[in-house]
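All ligand and atom numbering here is 1-based and tracks the order in the structure. Heavy atoms only: backbone and side chains are in, while hydrogens, waters and symmetry mates are out.
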Amino acid sequence: MEIQLLPLAEKKPRIEDESQLAFGKQFTDRMFVMEYDAGKGWHSPRIQPYGPFAIDPAAMVFHYSQEIFEGLKAFRRPDGAIALFRPRDNIRRFNRSATRMCMPEVDEDFFLQALKQLVKLERDWVPRSEGTSLYIRPTMIGVEAALGVRPSSKYLCYIILSPVGAYYKGGLSPVKIWISDEYVRVSPGGTGEAKTGGNYAASLRAAMEATEKGFDQVLWLDAVHRKYVEEVGSMNICFLYDGKLVTSPLKGTILDGITRRSILTLVRELGVEVEERALSVDEILDGAESGRLTEAFGTGTAVVVSPVGTVTYRDRTVAMGGGQAGELTLKLYETLTGIQCGKIPDPHGWVEIL
Ligand SMILES: *Cc1c(COP(=O)(O)O)cnc(C)c1O
């Protein structure tokens with residue numbers, strides 16, 4: 001398939017002061033779009049000016065939520081080159097989400113080529129200061145105009161780009177976590193493993209209540225026992241427990257995070273043992289008090305690593321490692337961001353230069 005390049009009439013004004021960049025508020029001049037029709041497959045791939053779509057009010061995504069997305073970043077390196085971090089892993093996960101939601105897969109090589117071409121055209125939008133990046137959001141929605149619950153026969157797939165500021169300004173700041181004993185994110189057999197909009201809609205209520213109570217994030221427990229840790233907000237979570245890195249196993253209810261995967265590799269290389277098992281609430285609360293649990297952090301593309309300061313369950317609050325970002329947490333943050341922006345060698349071939 002040939003990607004058509006549509007003309008750009010005018011460029012948007014840009015935020016010159018990169019310290020003013022927020023997350024996902026501003027989008028670049030262009031976007032990639034392609035369409036799918038049952039019987040015909042993907043067609044009409046193009047890079048066009050960023051702007052609204054005209055979508056029928058009956059489009060199935062608005063009623064039955066057939067939607068998937070991805071999130072990855074492009075970084076500007078000291079030599080000016082633009083780098084992507086493990087982009088194929090994101091495209092493969094996009095396809096796994098598509099399969100779960102009865103949506104068509106994209107061709108991995110073609111989609112990567114389209115993504116790279118878009119980022120190349122928009123390379124001026126990749127910010128320059130430390131900790132900044134260009135966030136890339138591939139999305140797919142079911143757009144057939146019809147009511148009735150079944151998979152759509154038409155889809156729109158697009159990629160938009162957003163320059164994002166440094167998440168941490170002046171050191172990694174630990175977050176206050178609230179363990180929800182009322183709400184769950186997903187249950188076994190559900191769609192927890194897919195990056196699909198409905199999972200996030202379902203999480204809003206708990207997040208809102210957590211914010212009202214003065215917390216930063218919700219820690220989700222498993223839906224069956226309401227006892228074992230699954231994820232925190234929309235991040236995977238890791239604990240340093242008895243000197244081992246403990247993180248929830250991929251059993252269908254949590255997302256297979258690419259940051260999680262990278263962290264596990266780095267941790268093993270540092271000689272720290274990894275245990276993929278679900279920690280219980282009691283192990284967290286008692287472990288933090290007894291000193292068996294020394295560090296905890298969330299992992300995800302947006303933040304890379306987010307240290308947990310305190311955890312609250314019902315009326316009990318415990319501090320993780322004195323409420324400060326731990327030594328391993330900091331080391332992992334430095335290493336992963338160092339590899340991403342080219343300050344540290346990349347022995348695993350995670351970085352792809354445009
Ligand atoms: C995206 C996401 C993550 C993190 O995945 P990364 O590939 O590391 O960005 C974790 N949990 C949920 C629920 C997510 O949506």
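The closest side-chain heavy-atom distance from Ile3 to Gln113 is below 4.5 Å.
Counting protein heavy atoms only, atom 9 (O) of ligand 1 is closest to Thr301 OG1, 2.6 Å. Atom 15 (O) of ligand 1 has as its closest protein heavy atom Tyr200 OH, 2.3 Å. Annotation: atom 8 (O) of ligand 1 to nearest protein heavy atom, Thr259 OG1, 2.6 Å. Atom 14 (C) of ligand 1 has as its closest protein heavy atom Lys195 NZ, 3.0 Å.
Among the candidates Lys251, Arg100, Arg261, Arg92, the single residue satisfying the salt bridge (charged side-chain N to carboxylate O under 4.0 Å, His left out) test with Asp256 is Arg261.
Residue Glu108 qualifies as enclosed at atom CD: its count of foreign heavy atoms under 6.0 Å is above 12.
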List, one per line, each side-chain donor-acceptor pair under 3.5 Å for residues 280-293, sequence neighbours excluded.
residue	atom	partner	partner atom	Å
Ser280	OG	Glu283	N	3.2
Ser280	OG	Glu283	OE1	3.4
Glu283	OE1	Arg277	NH1	3.3
Glu283	OE1	Ser280	N	2.9
Glu283	OE2	Arg277	NH1	3.2
Glu283	OE2	Arg277	NH2	3.1
Asp286	OD1	Arg316	NH2	2.9
Glu289	OE1	Arg316	NH2	2.9
Ser290	OG	Asp286	O	3.2
Ser290	OG	Gly287	O	3.4
Ser290	OG	Arg292	N	3.4
Arg292	NE	Asp242	OD1	3.0
Arg292	NE	Asp242	OD2	3.4
Arg292	NH2	Asp242	OD2	2.6

Side chains of residues 301-314: which donor-acceptor pairs under 3.5 Å do they make with residues two or more places apart or in other chains?
residue	atom	partner	partner atom	Å
Thr312	OG1	Thr317	OG1	2.9
Arg314	NE	Asp181	OD2	2.7

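Ring pair His348/Trp350 is parallel by interplanar angle, where below 30° counts as parallel and above 60° as perpendicular.
Per-residue contacts place Arg185 under 4.0 angstrom from the following atoms of ligand 1 (heavy atoms of the residue considered): 13 (C).
If you check each of Gly257, Gly233, Gly192, Ser234 against atom 3 (C) of ligand 1, the one with the closest non-hydrogen atom is Ser234. Between the choices Arg93, Glu231, Arg261, the shortest heavy-atom distance to atom 11 (N) of ligand 1 belongs to Glu231.
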